[in-house]
Protein chains: 2
Amino acid sequence: MTIANPSTSTSTEEPGSAAQRDRRKRILDATYDLAAAGGFDAVQMRAVAEQADVALGTLYRYFPSKIHLLVSALGRQFDEASARLNEREIPGDTPADRVLYVLKRMARGMQGDPKLTEALTRAFMFADSTVTNEIHVVGMAMTSIVTHAMHGGEPAEGALTDEDVAIARVIGDVWLSALVAWVTGRSTAAETAAHMETAVHLILRD
Amino acid sequence: MTIANPSTSTSTEEPGSAAQRDRRKRILDATYDLAAAGGFDAVQMRAVAEQADVALGTLYRYFPSKIHLLVSALGRQFDEASARLNEREIPGDTPADRVLYVLKRMARGMQGDPKLTEALTRAFMFADSTVTNEIHVVGMAMTSIVTHAMHGGEPAEGALTDEDVAIARVIGDVWLSALVAWVTGRSTAAETAAHMETAVHLILRD
DNA sequence: GCAAAATCAGTAACACGTTCCAGTTTCGTT
DNA sequence: AACGAAACTGGAACGTGTTACTGATTTTGC
């Protein structure tokens, strides 16, 4: 339905003073709200600053660009999704079934928040090398989710073969392309789902 | 109030007066040159207009946005590549070998023009539903290139199975993701090539 | 408890995509 | 050749991301 706003969880200890953490949190919350309400274009730096009760210069001190801001928000989202999915067993009899299960779960969450998804995906696609760190987090989370599903939810982290990782990466690539096509209005949710299903069966061959 | 929009025609026979065709070509040439020299950011609408010897308003009459402009340039480029590749036999003993041959050829071309590739890829990733037509051209050209390679360069257009098309799409998806990773500086050319090789063998299994 | 350093608010200004407009030129038709 | 429609030019202007600057306020080091 809706993607949980991660602002309530402060599991990882972030550096800086309490006031800094406060401002950072307020900024990310404002970003999240604006993105969820109006998508990429609605996340305007002046609006974020105002809603976070922070000056524009301060906003730029914390996040050097709109892309950094949105990708950081995406990173938190993905971390949360990954954590939720990886701590449970995945239903399904075959790897393909299980992978499709998690992909469909993620798709459902995203379709429930299309504007937010559009904003974060656009930022991800537009990011350059200055955002490499934040983006790497997303890629690894995706690989983790897929391999975890392939192995049926068993914590077989050490048993990942090269082929497992390659398969997960390919599925992640297809997923990303499908996501972009959906976000940019070039394919419907149903077409995206059908394409993912075809691709997963093709790659995991059953 | 005017409806006419010369930019919406992408077929080989372009309508309009000679002057219109002239302007369109000048605009696309200027776009190409600026993109090749400085990438996405260097393709500035005022600069394109000036270099094409056209007023800014005229540029916007032909291409309603920077994204349309760049995606159209990408379409022209892809059409040419597709035509060149499809009129010859593809070397290689297996479908995987042949597909990798054309992918590596394309990769080499792109690495030779990194700024141009960056500009066109960025535009492609940022396009929305108003550019669907132009983007469809690119997608079909990609599918055509891959299926042509799979079948060894034989003109077996009528014999494409659903699976052929699905495979071509998946390979296109992986290609696109790899391209984005390379363009945004998140992976090197060598990593991209290795990933493509792994993925193609995985999908075409031989 | 205090001075220096860092941070912040507020605001102006710049850059580039985009829109709009008034006047001029080109094009197709009669 | 003349006329109306469409296209073109040149330039002003607007919105939003980004930068720069100044004077207050908070934090830090001692």
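To find a chain, count down the sequence lines: A is the first, B the second, and so on, and within it residues start at 1. Predicted model, so just to flag it, every value in this text is computed and none were measured.
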Nucleotide N/O to protein N/O under 3.5 Å, stretch nucleotides 18-20 of chain C:
| unit_1 | atom_1 | unit_2 | atom_2 | d |
| --- | --- | --- | --- | --- |
| C:dT18 | OP2 | B:Y60 | OH | 3.0 |
| C:dT18 | OP2 | B:K66 | N | 2.9 |
| C:dT18 | O5' | B:Y60 | OH | 3.4 |
| C:dT18 | O4 | B:R46 | NH2 | 3.0 |

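When the P atom of C:dC8 is taken as reference, atom CG of A:L59 falls 11 Å away, rounded to whole Å. A:H68 has its NE2 atom 16 Å from the P atom of D:dG17, to the nearest Å. Counting to the nearest Å, the P atom of D:dA20 and the CZ atom of A:R61 are 13 Å from each other. Between the CG atom of B:L69 and the C1' atom of C:dC16 there is a distance of 14 Å, given to the nearest Å. The distance from atom CG of A:L34 to atom P of D:dT16 is 13 Å, rounded to the nearest whole Å. Distance CZ (B:R26) to C1' (D:dT9): 13 Å, rounded to an integer number of Å. The distance from atom CZ of A:R23 to atom P of D:dT25 is 13 Å, rounded to the nearest whole Å.
For B:D173 (side chain) and B:V170 (main-chain N/O), no donor-acceptor pair under 3.5 Å exists by modelled atom type. A donor-acceptor pair under 3.5 Å is formed between the side chain of A:T147 and the backbone N or O of A:T143. When atom types are taken as modelled, the side chain of B:H68 and the backbone of B:T130 share a donor-acceptor pair closer than 3.5 angstrom. At distances below 3.5 Å, at least one donor-acceptor pair connects side-chain atoms of B:D164 with backbone N or O atoms of B:T161. The closest donor-acceptor contact from the side chain of B:T117 to the backbone of B:D113 lies under 3.5 Å. Distance alone, capped at 3.5 Å, is enough to place a donor-acceptor pair between the A:T132 side chain and the A:S129 backbone.
Evaluation of the salt bridge (charged side-chain N to carboxylate O under 4.0 Å, His left out) rule for B:E50 yields no partner, not counting sequence neighbours. Take A:R169 and apply the salt bridge (charged side-chain N to carboxylate O under 4.0 Å, His left out) test, not counting sequence neighbours, and it matches no residue.
The ring of B:F126 has its center closer than 6.0 angstrom to the ring center of A:F40.
Shown for residues 114-128 of chain B: no residue has heavy atoms falling under 4.0 angstrom of DNA chain D. Within residues 36-44 of chain A, no residue places a heavy atom under 4.0 Å from DNA chain C.
We find that A:R122 and A:E118 are joined by a salt bridge, their nearest charged nitrogen and carboxylate oxygen being less than 4.0 Å apart. Ion pairing between a basic and an acidic side chain is recognised when a charged N comes within 4.0 Å of a carboxylate O; B:K104 and B:D97 show no such pairing.
A donor and an acceptor atom, one from each side chain of A:H195 and A:T192, are nowhere located under 3.5 Å apart.
Put simply, A:Y62 has no side-chain N or O that comes within less than 4.0 Å of OP1 or OP2 on C:dT7.
Inter-residue side-chain proximity for A:T121 and A:W182 is flagged as unmet; no heavy-atom pair is nearer than 4.5 Å.
Comparing the local axis fitted to the first five base pairs of the helix from C:dG1-D:dC30 to C:dT30-D:dA1 with the one fitted to its last five gives a bend of 30°, rounded to 10°.
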